[in-house]
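Notes follow once the structure below has been shown.
Atoms within a ligand are numbered from 1 in the order they appear, just like the ligands themselves.
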Amino acid sequence: MNNRNYSIAIDGPSASGKSTIAKKVSQRLNIEYIDTGAMYRAITYKVLSNNIDPLDVQSVTDLLKTTEIDFIDNSIYLDGTIVDNEIRENVVSNNVSYIAKIKEVRDKLVKLQQFMSRTKSIIMDGRDIGTVVLPNADYKFFVTASVKERANRRYQELLDRGEKLISLDSIIADIIRRDEIDSNREIGPLRQSEDSYVLDTTSKSIEESVNYIITIVTGGN
Ligand code: DC
């Protein structure tokens, strides 16, 4: 790794641990972290707040025209307001796959993501980063974990947030449903690019996963 700007793409299914890992890698390498899932979530939050049906593509597309998303100091801003907590609510998680399927949404966010990565070193996580957003990324990782492990993590996360009316079984079902939609949509599906390193976090600690990435990026230096 020399002094020029570089990019790290991290893709993988929901609750694989990629956001936690990417955030820590960004701190250790002192580069910017861009959470693209948060951007899809912010649009979903706005759609739901405006009582728009996520399946109503025309209304969602209209709403997009007056929607601004930005990251400042690791917080996500939706039309000038921080929505870090709101976008993590279960109702947003359960609807975001429908919004992320819409071509106009993806076109707008992919452009914005490419713009954000143009002038600095970044680590960006999502589903289509290594394949569509940054096909020329310097390093690509595909982070995965078993469905059971991912459901357990999501369950714990929701309990920690005080959301009590959920069963582990319903979370497993949600994860399977979201994987299905994310992997089979027409545009920018979740797919491992051939040139990515695979990181299975099922029985790895966060620290081990972070170290795995840092060792590859720094070449062990
Ligand atoms: O990583 P996450 O769970 O916060 O992502 C939320 C949703 O957004 C998920 O259903 C997949 C979608 N997404 C996407 O389609 N493309 C991305 N680059 C990032 C997320």
Side-chain angles (χ1 to χ4, degrees), residues 7-23 26 33-48 54-55 57 60 64 67 69 71 74-76 78 83-117 122-135 137 140-145 147 149-151 153-158 161 163 171-193 196 199 201:
S7 52
I8 307 174
I10 312 258
D11 289 306
S14 54
S16 56
K18 59 185 186 318
S19 301
T20 309
I21 295 165
K23 206 176 292 168
S26 79
Y33 167 52
I34 299 170
D35 175 356
T36 64
M39 299 165 84
Y40 289 93
R41 285 170 178 274
I43 293 181
T44 306
Y45 172 69
K46 182 167 178 180
V47 166
L48 297 174
L55 298 176
V57 173
V60 173
L64 265 190
T67 300
I69 290 178
F71 285 100
N74 286 326
S75 275
I76 182 155
L78 171 66
V83 288
D84 291 335
N85 293 328
E86 290 82 349
I87 62 166
R88 302 290 159 198
E89 285 166 12
N90 216 21
V91 62
V92 174
S93 302
N94 287 337
N95 283 284
V96 62
S97 286
Y98 303 117
I99 298 300
K101 269 168 65 167
I102 300 173
K103 180 180 185 303
E104 288 77 4
V105 171
R106 300 204 74 83
D107 285 350
K108 175 165 175 145
L109 292 189
V110 167
K111 267 198 204 102
L112 189 55
Q113 290 152 10
Q114 289 171 335
F115 178 77
M116 288 172 166
S117 66
I122 51 121
I123 179 164
M124 184 179 282
D125 81 359
R127 304 293 188 287
D128 57 343
I129 310 305
T131 51
V132 176
V133 181
L134 304 175
K140 298 182 185 180
F141 296 89
F142 193 81
V143 180
T144 179
V147 168
E149 175 65 23
R150 287 156 56 207
R153 289 177 190 165
R154 184 68 89 204
Y155 186 64
Q156 198 50 55
E157 201 180 291
L158 291 172
R161 288 171 43 85
E163 295 200 28
I171 295 186
I172 291 177
D174 282 343
I175 283 189
I176 293 173
R177 183 180 55 84
R178 286 176 57 190
D179 281 358
E180 173 79 15
I181 302 176
D182 290 345
S183 305
N184 292 309
R185 66 168 172 246
E186 244 165 72
I187 319 156
L190 170 64
R191 200 158 32 80
Q192 185 197 325
S193 65
S196 60
L199 169 57
T201 65

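With sequence neighbours left out, the salt bridge (Lys or Arg N to Asp or Glu O under 4.0 Å) criterion links R127 to D182.
Listed by number with element, the atoms of ligand 1 under 4.0 angstrom from any heavy atom of R185 are 14 (C), 15 (O), 16 (N). Close contacts between ligand 1 and D182 involve ligand atoms 9 (C), 10 (O), 11 (C) [criterion: under 4.0 Å to a heavy atom]. Close approach to Y40 involves these atoms of ligand 1, each under 4.0 Å from a residue heavy atom: 8 (O), 13 (N), 14 (C), 16 (N), 17 (C), 18 (N), 19 (C), 20 (C). Close approach to K18 involves these atoms of ligand 1, each under 4.0 Å from a residue heavy atom: 1 (O).
A donor-acceptor pair under 3.5 Å links the side-chain atoms of T201 to the main chain of S16, judged by distance alone. A donor-acceptor pair is defined here as one N or O able to donate and one able to accept, closer than 3.5 Å; such a pair exists between the side chain of K108 and the backbone of L64. Between the side chain of S117 and the main chain of Q114, a donor-acceptor pair closer than 3.5 Å is present.
Judged by distance alone, the side chains of S93 and R41 do bring a donor and an acceptor atom under 3.5 Å apart.
Under 4.0 Å from ligand 1, not a single heavy atom of R177 appears. Only the side chain of R106 comes within 4.0 Å of ligand 1, counting heavy atoms alone; its backbone N, CA, C and O stay farther away.
Scanning all protein heavy atoms for the shortest distance to atom 5 (O) of ligand 1 gives R127 NH2, 3.5 Å. For atom 4 (O) of ligand 1, the closest non-hydrogen atom on the protein side is R41 NE, 2.7 Å.
The shortest N or O to N or O distance between Q113 and ligand 1 is not under 3.5 Å. In terms of polar-atom proximity, D128 is counted as a contact of ligand 1, with an N or O under 3.5 Å from an N or O of the ligand. When only interatomic distances are considered, the shortest N/O to N/O separation between S97 and ligand 1 falls below 3.5 Å. Between T36 and ligand 1, at least one N/O pair is under 3.5 Å apart. Between R178 and ligand 1, at least one pair of N/O atoms sits closer than 3.5 Å.
Between D128 and R106 there is a salt bridge, with a side-chain nitrogen of the basic residue lying less than 4.0 Å from a carboxylate oxygen of the acidic one. With respect to D174 and R178, no salt bridge is recorded, no charged nitrogen being found less than 4.0 Å from a carboxylate O. Between E157 and R153, no side-chain nitrogen of the basic residue sits less than 4.0 Å from a carboxylate oxygen of the acidic one, so the salt-bridge criterion is not met.
With atom 20 (C) of ligand 1 as the reference point, the heavy atom nearest to it among A9, S16, S93, G37 is part of G37. When A100, P13, A15 are ranked by how near their heavy atoms come to atom 12 (C) of ligand 1, first place goes to A100.
Using a 4.5 Å heavy-atom threshold, the side chains of I43 and L109 count as touching.
Between the CG atom of L190 and the CG atom of D179 there is a distance of 7.0 Å, given to the nearest 0.5 Å.
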